[in-house]
Participant: 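I'd like to ask some things about the structure below.
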Amino acid sequence: KILYNLYKWFMKIVYKGWMMDNIKQRIRQIEILALTLFMIILVCFLTYIINESENIFLGLFRIITSPAILVTDFIKVGGIGAAFLNALLILSFNYFLVRLFKIKITGVVIAMFFTVFGFSFFGKNILNILPFYLGGILYSVYTSTDFSEHLISIAFSSALAPFISSVAFYGEVAYETSYINAILIGVLIGFIVVPLAKSLYDFHEGYDLYNLGFTAGILGSVIMAVLKLYHFEINPQFLVSSEYDMALKIICSSVFVSFIIVGFYINNNSFSGYFKLIRDDGYKSDFTKKYGYALTYINMGMMGLISVAFVTFTGQTFNGPILAGLFTVVGFSANGKTIFNTIPIFIGVLLASFGSKGSMFTVAISGLFGTALAPISGVFGPVAGIIAGWLHLAVVQNVGLVHGGLNLYNNGFSAGIVAGFLLPVFNMITDNNNQRKMNIQKKHMNFLKAVQKNIKNKIKEEEGEDKWNY
């Protein structure tokens with residue numbers, strides 16, 4: 001018996017060692033695959049940049065000193081190389097903070113990475129985001145909480161980065177004073193955005209995936225009103241590039257296909273379980289926790305390709321704002337967006353565009369960012385999603401006037417308004433339908449009880465007659 005127990009113990013150790021070796025080998029193979037795909041894309045991109053003969057650092061300087069208000073395409077301002085350098089710097093900065101504070105990579109963290117990366121082509125630069133993080137640090141010190149608890153919200157709050165650039169470089173006061181004012185505004189936003197976001201979340205109850213966009217819209221509107229009180233005016237602009245359309249399509253498609261390949265490989269070379277994921281309603285859904293990273297990566301890649309197809313269908317060239325929309329969709333495909341709950345939003349936006357005054361550029365951008373309303377489609381059905389998409393296009397074209405184009409997440413602001421408006425209506429309809437179903441069920445049960453009672457009475461009568469006859 002002792003020898004048998006020793007044998008079992010030895011075999012268990014061998015099995016665990018074999019399993020650990022297999023897992024380590026599997027992880028190493030996944031890392032090699034991901035790194036290989038990344039290097040192929042990077043080499044091709046660098047080759048393209050070298051052929052363009054751009055001065056990347058001069059372009060980065062132009063990006064940093066630009067007003068960054070809606071709509072400022074950094075690819076147009078500084079060139080494609082400088083725009084990607086700016087995006088990679090911001091992504092690396094946020095990744096460093098996540099690793100430093102040992103924050104687990106969940107769906108919302110992935111959404112944050114891709115959103116800030118996307119908006120680095122379109123409003124955020126490595127300089128104008130820093131005051132928000134300083135404000136977040138001060139908030140964590142003031143409330144005696146860990147900064148890691150607020151890092152994601154602070155990163156998203158850089159939606160108001162154009163306030164920093166506009167006040168710092170385009171104010172009517174002396175440069176030294178304008179720099180200080182810009183930093184103070186950023187610190188103030190970073191300090192108050194966390195409690196604001198928690199409070200305003202209740203307005204839409206999580207049916208707007210871009211909660212910080214809604215919060216930034218409210219906060220930006222108040223700050224803009226104060227600035228206008230003291231004669232600070234913002235001159236609107238519309239700068240978008242068109243010369244890098246094919247290159248950007250190839251880069252984006254390659255990245256999205258790479259996600260599918262990596263996810264497919266991690267999932268034991270199969271799409272098993274993916275159909276279950278896309279049937280998820282997307283409401284408060286962290287796909288990394290519910291379905292694992294493999295299926296999440298597959299969903300991110302699929303949603304990226306569908307978004308590319310949507311933009312191509314609208315006939316728009318790829319540029320900075322389009323990249324922001326694409327990468328935001330891909331990021332939140334780890335935290336709520338699926339094929340089934342986003343396509344109704346696309347349809348709703350397209351239907352609203354017929355006969356409207358907006359341009360197809362606005363339609364494309366609104367369609368991509370309007371997928372923030374995906375949980376409405378997932379919970380209340382595709383018809384509700386189409387209505388939400390239709391209303392979103394109407395609202396988003398008008399709310400930008402409130403914050404003067406200084407909230408980069410203008411669509412998130414609009415989506416929050418739409419969700420808050422539609423939610424009571426859809427809840428009323430749902431509750432009414434449920435009540436009608438319950439009433440029908442009660443009538444059915446009462447009918448069955450009556451039939452059952454009549455049958456029992458009849459049986460008793462027959463038994464009574466039998467006894468009497470006997």
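Residues: numbered from 1 along the sequence shown.
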Participant: Distance-only, no hydrogens or angles: does the Asp73 side chain make a donor-acceptor pair with backbone N or O of Ser241 under 3.5 Å?
Facilitator: yes
Participant: Hey, is CZ on Phe421 packed in by over 12 heavy atoms from elsewhere, all under 6.0 Å?
Facilitator: no
Participant: Using only atom types and a distance under 3.5 Å, with no angle test, would you say the side chain of Asn55 pairs donor to acceptor with the backbone of Leu58?
Facilitator: yes
Participant: Which distance, rounded to the nearest 0.5 Å, do you find between the CG of Leu227 and the CD1 of Ile185?
Facilitator: 5.0 Å
Participant: Have a look at Lys337 and tell me which of Thr328, Thr342, Asp280, Thr371 forms a side chain to side chain donor-acceptor pair (under 3.5 Å) with it.
Facilitator: Thr371
Participant: Okay, side chain of Gln397, backbone of Leu393: is any donor-acceptor separation there less than 3.5 Å?
Facilitator: yes
Participant: Scan for ring pair (Phe, Tyr, Trp, His ring centres under 6.0 Å) pairs involving residues 57-80, sequence neighbours excluded, and state none if there are none.
Facilitator: none
Participant: Could I get the full list of side chain to side chain donor-acceptor pair (under 3.5 Å) partners for Thr338, not counting sequence neighbours?
Facilitator: Asn341
Participant: If the condition is side chain to side chain donor-acceptor pair (under 3.5 Å), which residues does Asn211 pass it with, not counting sequence neighbours?
Facilitator: His204
Participant: Quick check for you: to the nearest 0.5 Å, what is the distance between Ser166 atom OG and Asn128 atom CG?
Facilitator: 9.0 Å
Participant: If the plane angle is over 60° it's perpendicular, under 30° parallel, otherwise tilted; pick one for Phe264 and Phe271.
Facilitator: tilted
Participant: Could I get the full list of ring-ring contact (aromatic ring centres under 6.0 Å, His included) partners for Tyr139, not counting sequence neighbours?
Facilitator: His150, Phe191
Participant: Would you say Ser377's side chain and Gly385's backbone share a donor-acceptor pair under 3.5 angstrom?
Facilitator: no
Participant: Has the side chain of Asn335 got a donor or acceptor atom that lies under 3.5 Å from a matching backbone atom of Gly331?
Facilitator: no
Participant: Okay, side chain of Ser157, backbone of Ala155: is any donor-acceptor separation there less than 3.5 Å?
Facilitator: no
Participant: Looking at residues at least two apart in the chain, or sitting in another chain, which of them share a ring-ring contact (aromatic ring centres under 6.0 Å, His included) with Phe117?
Facilitator: Phe121, Phe327
Participant: If the plane angle is over 60° it's perpendicular, under 30° parallel, otherwise tilted; pick one for Tyr95 and Phe113.
Facilitator: tilted
Participant: What residue among Phe119, Phe310, Phe413 forms ring-ring contact (aromatic ring centres under 6.0 Å, His included) with Phe369?
Facilitator: Phe119
Participant: How about Ser356 and Ser353: does a side-chain donor come under 3.5 Å of a side-chain acceptor?
Facilitator: no
Participant: Just jot down the salt bridge (Lys or Arg N to Asp or Glu O under 4.0 Å) partners of Asp286, sequence neighbours excluded, or say none.
Facilitator: none
